[in-house]
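Each remark here refers to the structure printed beneath this line.
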Amino acid sequence: MATANKNLSVYDKASIPNAKDLRFGIVVSEWNTEVTEGLFNGAIEALLDCGAAQENIIRWDVPGSFELTYGSKKMIATQKVDAVIAIGSVIQGETKHFDFVCSATAQGIKDLNVQTDTPVIFCVLTDNNLQQAIDRSGGKHGNKGTEAAIAAIKMAVLGN
């Protein structure tokens, strides 16, 4: 497992650019809220820790991970953000729905990164079960939301 020997919440603050002049959008899926709220909390804490101003962080909620692409697209078009973090959680079920949602969401986020000049960070957990998602959204493996926030800062600076 990729996260088995890594804490997703660990970063070297000295190596991260100051985010005080950056504006961030966070689009959060309402599906699996126990997980997505944990990811959001990790992201917001890291952004604030790295100097981002609360008033420069915009949150929008969308129904599910599939809708993250459209929410991120509209965020870029209307909010003048330097980066967007797309937060979601898709947990394997008994049907192929998991495969279609994961693939479409990943492709949609990738397409936004190719088509726009605003980085969109993929913070969508695609786990086999709820426990794996909990472990990566503030549990024993740390928080993927924290890791996504650090990526957002680095990519926003790259784009400016």
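- Residues L68 and F122 fail the side-chain proximity criterion, which asks for heavy atoms closer than 4.5 Å.
- Under a 4.0 Å N-O distance rule, the pair R59/E37 qualifies as a salt bridge.
- The backbone N or O of G38 lies less than 3.5 Å from a partner atom in the side chain of N143, making a donor-acceptor pair.
- Side chains of T118 and N113 form no contact here, defined as non-hydrogen atoms less than 4.5 Å apart.
- Minimum interatomic distance between N18 and L22 (heavy atoms only, all atoms of both residues): O-CD1, 4.4 Å.
- Side-chain contact between D127 and Q92: absent, with no pair of heavy atoms (C-beta onward) separated by less than 4.5 Å.
- For K110, the NZ atom sits in a packed shell: over 12 heavy atoms of surrounding residues, nucleotides or ligands are nearer than 6.0 Å.
- No side-chain heavy atom of S29 sits under 4.5 Å from any side-chain heavy atom of I87.
- In this structure, the side chains of Q54 and I44 come closer than 4.5 Å at one or more pairs of heavy atoms.
- Residues I58 and R23 are in side-chain contact: their nearest non-hydrogen atoms beyond the backbone lie under 4.5 Å apart.
- No side-chain donor from either of N41 and E45 sits under 3.5 Å from a side-chain acceptor of the other.
- With rounding to the nearest 0.5 Å, the separation of NZ in K144 from OG in S89 is 13.0 Å.
- Contact check for I76 versus V120: side-chain heavy atoms found under the 4.5 Å cut-off.
- In this structure, the side chains of I26 and F40 come closer than 4.5 Å at one or more pairs of heavy atoms.
- Of all the heavy atoms in A104 and F66, the pair that sits closest is CB-CE1, 3.5 Å.
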